[in-house]
Structures are given as structure tokens and as C-alpha cells.
Amino acid sequence: MTQEGNFPHEEHSTKRAISPDLEKILYNKIPLLDHGFIRVVDYMGNDSAIVQAARVSYGQGTKQVSQDKGLINYLMKHRHTTPFEMCEIKVHVKLPIFVARQWIRHRTANVNEHSARYSILDKEFYLPDPAHISAQSKNNKQGREQNILSTQEIKATLDILKSNSEQCYENYEKLLNLDQTGHLLDETKQGIARELARINLTLNYYTQWYWKIDLHNLLHFISLRADPHAQYEIRVYAEALLDVVKLWVPYVYESFMEYRIHAASLSRSQVEALKKMIDPAKFSEQEANLNIRELEELKRFFAKKQE
Ligand SMILES: Cc1cc2nc3c(=O)[nH]c(=O)nc-3n(C[C@H](O)[C@H](O)[C@H](O)COP(=O)(O)OP(=O)(O)OC[C@H]3O[C@@H](n4cnc5c(N)ncnc54)[C@H](O)[C@@H]3O)c2cc1C
């Protein structure tokens, strides 16, 4: 496996801030779906880079651990986002084309994709695990129902997906007049250009790219794509990236879980409904399990009349 900027078995020392837990998995493939993966190939910055940028200070820029955590929580809570842009990560991703089409909508990243005009695509296509083959959801037009399909229907689905994908690849090779290793199939024919032959392949074929993004936009990607509303096949990638964030910037991870993933955004009507049901005078410090500041904030919020 190529290790960008590094030869196998070669160690480097650096003056740059590193993230020890992320170093341990650098270059390692994290397998996803049936043939996909992500692997971190490079990164810049760690928790202290965010703190340092926020304080616009020099050197390590850290004070006590509790103060750094507090500052990161403050930035996350109040959406003071630019310090998070000081950290960047570069990931090699292998993903089915239909997942790539959703992923590429996130415009705030730098992308270099494998060229199917230049190279012959591998014969690798995604077949869903039977546990993830479900009927169309009745109440969510963009979703799947909980599994209610018979085993026969699931098997028939997989048979169709597999035979169509194989058939398309066979015809792709015929159009190229080459097999997947580049050997000529019929000496009497020329074969058509790779850029045209590829149009016969299905959306479940795998592609690969290098994806570089700053931490602020990565968290935005994760909050949209690790959400239960996102399609399962992109969600697994977003969840794997969330695990990477945990290793890379553990304070940011904790803060992100607290103020984004497990937090809620409520409509005005929902807030009104809650205000009718909740009496802030009855909030108890012990039961709330909140610090004084957060408890007071909550009391003020529920006591305030809607404008
Ligand atoms: C569950 C789900 C369902 C979806 N369904 C559909 C669908 O049916 N059809 C469809 O077309 N898309 C769909 N999308 C894609 C969605 O509309 C967004 O394009 C995608 O999530 C990328 O989000 P983003 O623009 O915030 O991200 P990014 O492109 O990474 O942008 C990040 C932020 O930068 C700012 N920004 C970036 N570029 C611009 C710009 N040119 N102008 C102004 N501000 C900018 C915005 O604040 C934006 O939020 C879906 C997404 C999700 C998560």
C-alpha cells in the first residue's frame, strides 16, 4: 500500500502538532459495505490548534485541560466556527457511485476522483446485505421500511442486482475489447474508448477518491449524513468518519456529541407546546444533572414568553 509522503517502515519526527490516536490508524483501511473503505492519509492540527486559533496565541496555546475543553464547548455551542477550520483531514475513500453522487453535493471539500476515462474500472459492485434490503417506506418518500420482505423476495432482489451488474461488466469488457486486466479480447476489433464504455455500468459500481476537508465542514457533513434520515449506505461512511473525529480531536468530538448530535432544534410551535407542559419553577438541580449555568439558562428559556 502506498503511504503518501512516507515510505513503508520509514518513521518521521516532526515539530508539528500531532494527534497520537489518529497516528495509530494513519494509512489503515477501515472496511465499509462490501468492497468500500476509508483510510486517513494525512491531517493537520488537533484540539489545541483550535484553542490556539481561538486565542490567537503562540506556541502550544493550551492552558489547563479544563479551560481548553471549556473553550471548545463555548465555540461549538455558540457556532463560532472558524477556529474549527484550522484543522484539515485528507481521506482516501472507496464508495459505490450512487453514494458518491450524494457525497459530492458537499461542496466545501477538495476532491480527486479515479478517472474511468483513463483506467479500466475494477469489477467491483455493491450488493446490499440482506438485512438492508427493505420495502419503500410508506411515510418517508426517501426511506426504507423496517424489514418486511420475505426471504424469497430478498433473494430474488440480490439475484437481479448481481446478474445485471455482472452482465453490464461483461458488456463493458466487450465494448472496450479488453478484459479487466487489459488483455485484448478479439484481435479483429478495436474496442471503444474507456470514457464511452463506462456509461454501460450501473450505479452500484465502486469508484475511489481523495477527499480533503476542514473540520468545520467535516462536522457539517457528518451531522447531515450520520443522521437517521440519510441513506444507510452513506451513513456508514459518515459514522466511520465520526469515529475518526473521536481519535483525531477528542475534545471536539465530545463537544459535537453534546451540542449537535444529541442536541435538538425545535420549531416555535414545539417550544410553545413544551412551555405549556413544563413549569421551570419545578426544575430541581439534582434531577437536572446540569451545572448551575446551564440550569439557569434552561429556566430562563422556559420562563420567557414567546414574542
Ligand atoms: C437527508 C438528505 C436528503 C437530501 N435530498 C436531496 C434531494 O432530494 N435532492 C437534492 O438535490 N439534494 C438532496 N440533498 C442534498 C442537500 O440538499 C445538500 O446539497 C447537501 O446535503 C450538501 O449540503 P450543504 O450545501 O449544506 O453542504 P456544502 O456544500 O458542504 O456547504 C456547506 C455550507 O456552505 C455554504 N455554501 C456552500 N456553497 C454555497 C453556495 N454556493 N451558496 C451559498 N452557500 C453555500 C452553505 O451554508 C452550506 O450549508 C439531501 C441531503 C440530505 C442530508
Side-chain angles (χ1 to χ4, degrees), residues 32-33 36 38-45 49-50 53-54 72 74-114 126 128-129 131-147 202-246 248-249 252-253 255-267 270:
L32 297 165
L33 303 180
I38 60 164
R39 71 183 182 104
V40 179
V41 289
D42 208 354
Y43 70 99
M44 180 173 82
I50 297 155
I72 286 176
Y74 178 87
L75 299 171
M76 185 71 75
K77 184 174 176 185
H78 298 281
R79 295 183 190 266
H80 181 177
T81 52
T82 44
F84 298 99
E85 293 170 21
M86 298 298 155
C87 293
E88 296 225 346
I89 195 157
K90 185 163 65 181
V91 198
H92 178 183
V93 188
K94 185 169 172 190
L95 68 176
I97 294 167
F98 70 92
V99 176
R101 281 186 60 174
Q102 296 185 338
W103 192 309
I104 204 69
R105 298 301 305 280
H106 296 264
R107 298 156 289 178
T108 41
N110 305 102
V111 188
N112 240 83
E113 187 173 3
H114 174 86
Y126 169 63
D129 188 278
H132 296 288
I133 301 178
S134 312
Q136 171 61 43
S137 165
K138 295 205 171 43
N139 48 23
N140 174 5
K141 289 193 172 135
Q142 279 196 329
R144 291 173 217 183
E145 205 59 77
Q146 290 302 317
N147 213 339
T202 43
L203 289 179
N204 58 343
Y205 269 84
Y206 275 84
T207 184
Q208 300 188 34
W209 59 36
Y210 267 42
W211 191 65
K212 181 169 76 67
I213 192 160
D214 67 54
L215 180 58
H216 165 63
N217 286 301
L218 175 63
L219 296 179
H220 180 64
F221 175 90
I222 292 172
S223 63
L224 290 172
R225 301 301 183 175
D227 186 271
H229 290 98
Q231 180 164 347
Y232 164 76
E233 283 80 7
I234 194 165
R235 211 162 67 224
V236 296
Y237 285 86
E239 285 166 358
L241 287 166
L242 182 57
D243 291 341
V244 166
V245 168
K246 188 176 183 180
W248 177 25
V249 278
V252 170
Y253 170 82
S255 191
F256 179 62
M257 298 308 278
E258 175 74 16
Y259 294 104
R260 293 285 177 281
I261 296 289
H262 296 303
S265 159
L266 300 178
S267 69
Q270 286 172 319

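Keep in mind that the numbers below use all heavy atoms, side chains included, and drop hydrogens, waters and symmetry copies. Since the structure is predicted, the reported quantities are computational estimates derived from the model, not experimental observations. We count ligands from 1, going down the list as the structure has it; atoms in each ligand are counted the same way.
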Enquirer: For atom 30 (O) of ligand 1, tell me which residue out of Leu218, Ile213, Thr108 has the closest non-hydrogen atom.
Expert: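 Looking at heavy atoms only, Thr108 sits closest to atom 30 (O) of ligand 1.
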
Enquirer: Hey, is Gln231 touching ligand 1 through its side chain, its backbone, both or neither, going by heavy atoms under 4.0 Å?
Expert: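 Within the 4.0 Å criterion, Gln231 makes no contact with ligand 1.
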
Enquirer: If a pair satisfies salt bridge (charged side-chain N to carboxylate O under 4.0 Å, His left out) and one of its residues is in residues 203-228, list it, with sequence neighbours excluded.
Expert: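 Listed by first then second residue: Glu88-Lys212.
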
Enquirer: Tell me, please, which residues at least two apart from Thr81 pass side chain to side chain donor-acceptor pair (under 3.5 Å).
Expert: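 By the side chain to side chain donor-acceptor pair (under 3.5 Å) rule, Thr81 matches no residue at all.
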
Enquirer: On a heavy-atom basis, I'd like to know which of Arg225, Gln102, His106 is closest to atom 50 (C) of ligand 1.
Expert: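 Shortest heavy-atom distance from atom 50 (C) of ligand 1: Arg225.
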
Enquirer: Looking only at distances, please establish whether an N/O atom of ligand 1 is found under 3.5 Å from an N/O atom of His229.
Expert: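 In this structure, His229 places no N or O atom under 3.5 Å from an N or O of ligand 1.
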
Enquirer: Please list, in number order, the atoms of ligand 1 under 4.0 Å from a heavy atom of Leu224.
Expert: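 Those atoms are 21 (O), 23 (O), 53 (C).
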
Enquirer: Below 4.5 Å, heavy atoms only, C-beta onward: do Ile97 and Asn204 meet side chain to side chain?
Expert: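 Counting from C-beta outward, Ile97 and Asn204 never come under 4.5 Å.
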
Enquirer: Classify the angle between the aromatic ring planes of Tyr206 and Tyr126 as parallel (below 30°), tilted (30 to 60°) or perpendicular (above 60°).
Expert: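 The arrangement is perpendicular - the two ring planes meet at more than 60°.
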
Enquirer: Would the distance check show the side chain of Gln270 and the main-chain N or O of Ser267 forming a donor-acceptor pair, the cut-off being under 3.5 Å?
Expert: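 Looks like yes, one N/O pair under 3.5 Å.
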
Enquirer: Please find out if less than 6.0 Å separates the ring center of Trp211 from that of Phe221.
Expert: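 Yes: the rings meet the under 6.0 Å criterion.
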
Enquirer: Is it the case that ligand 1 has an N or O less than 3.5 angstrom from some N or O of Asn217?
Expert: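 It does not: no N or O of Asn217 is found under 3.5 Å from an N or O of ligand 1.
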
Enquirer: So between Arg101, His216, His220, whose heavy atom ends up nearest atom 27 (O) of ligand 1?
Expert: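 Checking each option, the heavy atom nearest atom 27 (O) of ligand 1 is found in His220.
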
